[in-house]
Q: 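After the structure tokens below, expect a handful of questions from me.
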Amino acid sequence: MALRLWASSAANALKISSSGARAAAPAYSISRYFSTVLDGLKYSSSHEWVKNEGTVATIGISDHAQGHLGEVVFVELPEAGTKVTQGGAFGNVESVKATSDVNSPISGEVVEVNEKLSGTPGLINTSPYEDGWMIKVKPSSPSELDALLDPAKYTKHCEEEDAH
Amino acid sequence: MRGLLACATLARRAGAAASGAGRRHLAGAAEAAEAELKKTALYDFHVAHGGKMVPFAGWSMPIQYKDSIMDSTLNCRANGSLFDVSHMCGLSLHGSQAIPFLETLVVADVAALKDGTGSLTVFTNEKGGAIDDSVVTKVTDKHVYLVVNAGCRDKDLAHIGAHMEAFNKKGGDVKWHIHDERSLLALQGPLAAPTLQLLTKEDLSKMYFSDFKMIDINGSACFLTRTGYTGEDGFEISVPSENALDLAKALLEKSEGKVRLTGLGARDSLRLEAGLCLYGNDMEQHTTPVEAGLSWAIGKRRRAEGGFLGAEVILKQLKEGPKIRRVGIFSQGPPPRSHSAIVSGDGSGENIGEVTSGGFSPCLKKNIAMGYVKSGLHKAGTEFKVVVRGKSYDAVVTKMPFVPTKYYKAP
């Protein structure tokens with residue numbers, strides 16, 4: 001809830017990208033006031049996204065989240081084989097201004113982590129939905145995905161948080 | 001569990017400094033108090049410029065504007081920054097015994113200051129611990145001007161007020177004036193002086209670090225101190241609140257947009273890079289100025305005579321050396337933050353200290369921190385580990401400031 005601490009009275013115009021999650025080059029903006037919400041992904045209210053590809057789901061943080069955090073300077077990720085649970089922290093993102101837990105939107109086992117983030121944490125800022133992905137998980141309860149926010153609901157959620 | 005955006009380090013610090021409450025509850029406390037937050041004369045100006053307003057020591061203050069904290073920090077050092085620091089409390093002591101009175105509460109040799117000069121000082125308690133740090137200026141023999149921290153305002157005023165009453169009862173002659181009619185702007189960076197010069201007839205090239213003058217700036221009667229909290233050359237300008245907005249606009253305009261509005265986020269990065277203490281983090285009630293590395297601020301005469309609260313403890317520490325000392329630290333891994341443990345590097349894991357401030361340095365592009373370690377382990381080059389979320393990372397003591405300071409000192 002402390003997100004309201006960062007609330008700006010400047011209009012936070014979120015826009016839905018029509019490019020879709022599978023597009024080769026999703027349109028995202030680097031401006032914090034125009035964050036992108038991609039179609040085809042599911043979102044948690046704590047600002048993580050998940051892309052379900054059947055046996056494996058990819059997880060990262062949203063453009064909205066990276067915009068609020070500012071430059072990411074360090075990313076702490078679990079090792080492959082770690083069990084994660086829906087809503088539980090699996091890692092940590094450090095920006096210039098704050099330390100933040102990253103929660104898993106779904107339960108399962110980590111099968112791969114994005115090793116590039118240890119050397120180039122800024123990928124989370126420049127490419128939150130593609131190169132800045134964080135972990136891949138083998139879901140243990142695929143039905144958990146149903147409880148997550150679709151792009152329209154997530155966009156509304158971000159607007160509401162920023163309006164506070 | 002803290003979520004992704006559920007953590008505002010600075011706002012937490014402000015709460016911690018103000019109330020000492022448990023960290024986990026601070027966000028909630030800050031929210032509850034949001035409606036009662038005080039606003040500076042520039043509040044609407046901040047909002048119009050995209051300022052993200054956060055609760056800070058009872059005030060609604062901009063933590064950043066449209067620029068990122070990284071960009072703001074770099075721009076301050078390359079060009080300049082304008083900060084609204086009106087939440088800080090300006091205070092004047094007047095009277096023939098203003099200086100002897102103040103010297104009972106602080107470690108500085110105020111009497112020895114030349115008129116129109118100042119120094120960093122520390123208000124101490126009976127145990128020699130720091131109640132607050134403050135910049136004190138001797139305006140004249142009968143007038144001292146102070147600026148104290150926003151988060152310490154209430155306790156400082158209660159402390160000073162109680163001692164002043166007792167002092168006056170014994171025949172002393174001191175009165176105070178709290179400058180709530182004024183706003184305080186900090187103009188910092190290499191363009192501070194050239195920009196300010198365009199708004200005053202005073203020759204700023206003859207005004208050096210820590211100098212103070214009451215002069216006309218942009219048509220209003222200001223208190224000008226060549227000081228700051230960034231390590232850069234710069235000024236703090238106390239301006240009548242009704243003129244604060246005009247002055248802020250004029251400063252930004254005269255710099256042709258190079259001096260930028262800068263929030264508390266970058267202010268924290270800048271002061272950390274400059275090796276300056278944040279009261280509530282790097283100095284607290286139980287920290288003495290000697291432990292904090294501020295022995296230089298204890299005047300020579302004060303060392304001989306004492307006469308301030310806790311002098312026994314402090315003078316003993318000066319003689320024998322303190323048990324712990326504040327140090328600067330470079331570290332690997334994630335940036336250490338306040339309360340990260342410092343442990344021995346020999347594999348024993350023995351706890352040898354604690355980080356009090358830390359973060360990623362925008363200028364150096366690496367982790368910097370300050371903290372307290374046992375004496376003997378404080379020398380530059382000493383290696384140990386800092387613990388962040390249960391993992392130990394290599395760290396080494398380094399001299400401060402981390403980024404060279406650029407104060408405009410007399411030749």
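Each chain gets a letter, A, B and so on, in the order its sequence line appears, and its residues count up from 1. As the structure is a prediction and not an experimental result, all values here were calculated from the model.
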Q: Looking at B:Ser60, B:Ser269, B:Pro334, which has the largest count of heavy-atom pairs under 4.5 Å with chain A?
A: B:Pro334

Q: At a heavy-atom distance under 4.5 Å, which candidate from A:Val73, A:Val75, A:Val96 has the highest pair count against chain B?
A: A:Val73

Q: Side chain, backbone, both or neither: which part of B:Lys365 has an atom under 4.5 Å from a heavy atom of chain A?
A: neither

Q: Side chains of A:Tyr43 and A:His157: any donor to acceptor distance under 3.5 Å?
A: no

Q: Heavy-atom count around B:Arg260 CZ within 6.0 Å, excluding the residue itself: above 12?
A: no

Q: So, B:Arg77 and B:Glu273, do they make that salt bridge, N to O below 4.0 Å?
A: yes

Q: Centres of the A:Tyr154 and A:His47 rings: under 6.0 Å?
A: yes

Q: Hey, is NZ on A:Lys138 packed in by over 12 heavy atoms from elsewhere, all under 6.0 Å?
A: no

Q: Against chain A, label B:Pro62 side chain, backbone, both or neither, depending on which of its atoms sit under 4.5 Å from a heavy atom there.
A: neither

Q: What part of A:Ser95 gets closer than 4.5 Å to chain B, counting heavy atoms only: side chain, backbone, both or neither?
A: backbone

